[in-house]
Amino acid sequence: MGLLTVGTPMEWHEASQHATHVRKHGIVQFLHLWHSIKARRRDKLLWGDEIEYICVAFDDATRTVRASNNAYEVLLKLEEMEKAAQASGDPISWSFKPEYGRYMLEGTPAGPYGFLIDDLLTVEPNMRERRALANSMLKENEALVSITNFPLLGVNSPHSFLDPPHDPTPEGGASNSLFIPDEAINPHPRFRTLTQNIRERRQSKVNIHVPVFKDKNTPSPFLETAAPCLQDLSASGLGRLVPDAKPDHIYMDCMCFGMGCCCLQVTFQACSVEEARRLYDQLAMALSAGAPIFRGFLADVDCRWDVISASVDDRTKEERGVEPLKNSRFNIPKSRYASISTYLNEGIDDLLAKHYAHLFIRDPIVIFNEKLNLDDKTSSDHFENIQSTNWQTMRFKPPPPLSPIGWRVEFRSMEIQFTDFENAAYSVFVVLLTRTILSFDLNLYMPLTKVDENMAKGQKRDAVRNVFGNPARRPAEFDAFEDVGPDGVDALVELTVNEIMNGKAGKFPGMVPLVRAYLSAAPNLSYKTLKGLEEYLDFISRRASGKIPTGARWIRDFVAAHPDYKHDSVVGQSVAYDLMKKVDEMGRASGRIPGLSL
Ligand code: ADP
Ligand code: MG
Ligand code: MG
């Protein structure tokens, strides 16, 4: 999450009146940008990562763990330190940013990394430095963990999951959640207003259902009962069963369940708009799995993606196709947080127009009073308003007005990993893949309906082991590394994640071997660089082949082996406490961890 506007956000009834104004000026602002920069060439390949963390507080006496809102206080101090360093000219390597959860932090390098392949080895030390610095500023009993979802998020029994504790307020506030108090949300007004305005635009709370993992002692059907702190609500008509819950599903009802998750993002600057468009298209694939527990229950999915997607789904019933169109303008097939719906590089500029047109069917959700009437030649606020609340797998970012920054592409689908070795490996792998795609002029296009199918398949439990992943193109074309235009589905072959990454004889050489081929052709690489990068490639290759577990599988095995786990899908306090202790310990260790990355 980048810079935040300071100002007073409008409530939905007011913001909705200005939606057309923001959309219209957003387009005008984009056109100004486009005409001034479309021909820009020779920008450098620069890139940077974003790592999100959850701050947890341990109570060793009671063996309990909570999400700690102290993260926000630490963020304010880190921001001060960053400003002071900039003012005095002291070099720093890190930058910290706010995230949706008050208990979260986001860390990035201070600026983009160098463009040399040798610079790729600076990524992991940079990530470690960030983690160590933020950890050193927490309270003694606290730790920063990079786990996709805090397993007890939304659990209020026997006590609040939050430190300091707060009760949810289902009958008031921004989210009206049965499970998450508004105090868990970052206090910047943008986040609260996003939460409230999404709910008001939708005309109901968001509705998230994740299939529960059925263990041998899980009741069938699995039916949720309201947390004890909400039991008094049953008398007031909310019922003992959690309203809207579905049998055999974990029910969640607010934005925090999705946006309160952590991810790993990588942004690249391409040399030109054409190159950025090719990168945007070809990276549309999922690589990681790290979220098998939601609201204290083991789920039958491994990833956060569909949860976030539902957690910010502001579409009305008419837009969702539940009711015929009357007051809304369009049927909208996907949430604002979803896989991409267009490719950008299939030849003509109508496509870029179509891409932005499809982003601009959304309403602006947060409008700041102070930012309504702007100079469209020098501001891109209205454009960014719509662009930055379309949370897709990929984001195509034009340069800001009057800035030296180039065209950028953000790769947004990955889940965060426990250790910086893994986070560096995934980030560096994606960077190397971009270089490989561009250098061999690879064509990895497939129909977007297949990308959507793969997004759905890729989130299932143990997808990396069991499920077919991305179809790739005809073998002969790949063997020759030739670029041929995208054509029909019949040119695709279906491959497992293992085959996509490691190759399948006569079908596809595999991403890891392709990257190795790229590296072996790169001039003047030092032995140290090659050895360091090979560690990452070996790790990615072994994860893809199932020789080492994904983070999600590692968590499942940890829970299953815990003496307090009753094989009933419930992840209780002592299990979560030990899990978070172990994840913290692995996060602080350096290098590869046996059984996780080795
Ligand atoms: P957002 O808020 O859109 O997610 P940020 O502005 O926080 O993105 O930046 C995301 C990443 O992009 C950071 O790691 C940052 O170092 C990196 N970055 C910054 N400038 C550039 C650039 N010109 N090219 C590529 N990456 C950049
Ligand atoms: Mg972020
Ligand atoms: Mg980002």
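We count ligands from 1, going down the list as the structure has it; atoms in each ligand are counted the same way. Computed from a predicted model, the values in this text were never measured in an experiment.
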request  = Please identify each residue that fulfils ring-ring contact (aromatic ring centres under 6.0 Å, His included) with W94, with sequence neighbours left out.
outcome  = F96
task = Kindly compute the distance separating CG (L514) from CG (L433), expressed to the nearest 0.5 Å.
result = 8.5 Å
task = Answer yes if the side chains of N69 and E183 hold a donor-acceptor pair under 3.5 Å, and no otherwise.
result = no
query = Short list, please: which atoms of ligand 1 are under 4.0 Å from a heavy atom of W47?
reply = 25 (C), 26 (N)
task = Could you list which atoms of ligand 1 come closer than 4.0 Å to a heavy atom of E50?
result = 4 (O), 8 (O), 10 (C)
ask   = Regarding S311 and Y337, is there a side-chain donor-to-acceptor distance under 3.5 Å anywhere?
value = no
K77/E73 salt bridge by N-O under 4.0 Å criterion = no
task = Look only at interatomic distance and state if R395 has a nitrogen or oxygen under 3.5 Å from any nitrogen or oxygen of ligand 1.
result = no
inquiry  = Could you work out, for atom 24 (N) of ligand 1, the closest of E410, Q269, K397 by heavy-atom distance?
reply    = Q269
request  = Please name the atom of E52, restricted to N, O or S, that is closest to the Mg ion (ligand 2).
outcome  = OE2
key: Short N/O/S contact of E106 with the Mg ion (ligand 2) (below 2.8 Å)   = yes
query = Side chain, backbone, both or neither: which part of T267 has a heavy atom under 4.0 Å from ligand 1?
reply = both
ask   = Under 4.0 Å from any heavy atom of P109, which atoms of ligand 1 are there?
value = 14 (O), 16 (O)
query = Got W47 and F115 here, is their nearest side-chain heavy-atom distance under 4.5 Å?
reply = no
note = Between E50 atom OE1 and E410 atom OE2, the angle centred on the Mg ion (ligand 3) rounds (to 10°) to 130°
inquiry  = Could you check whether K334 and S339, counting side-chain N and O atoms only, form a donor-acceptor pair closer than 3.5 Å?
reply    = yes
query = Quick one: does D49 get an N or O within less than 3.5 Å of an N or O on ligand 1?
reply = yes
request  = Just jot down the ligand 1 atoms closer than 4.0 angstrom to any heavy atom of G111, in number order.
outcome  = 16 (O)
note = Checking distances from the Mg ion (ligand 2), one finds that the N, O or S atom of E99 closest to it is OE2
key: Over 12 non-hydrogen atoms of neighbours within 6.0 angstrom of CG in N524   = no
ask   = From Q265, does some N, O or S atom reach closer than 2.8 Å to the Mg ion (ligand 3)?
value = yes
remark   = One finds that the ligand 1 atoms under 4.0 Å from a non-hydrogen atom of I405 are 23 (N)
request  = Might you work through the side chain to side chain donor-acceptor pair (under 3.5 Å) test for Q417 and S146, ending with a clear yes or no?
outcome  = CA-CA 6 Å; Q417 308 294 307; S146 47; over 6 Å; no
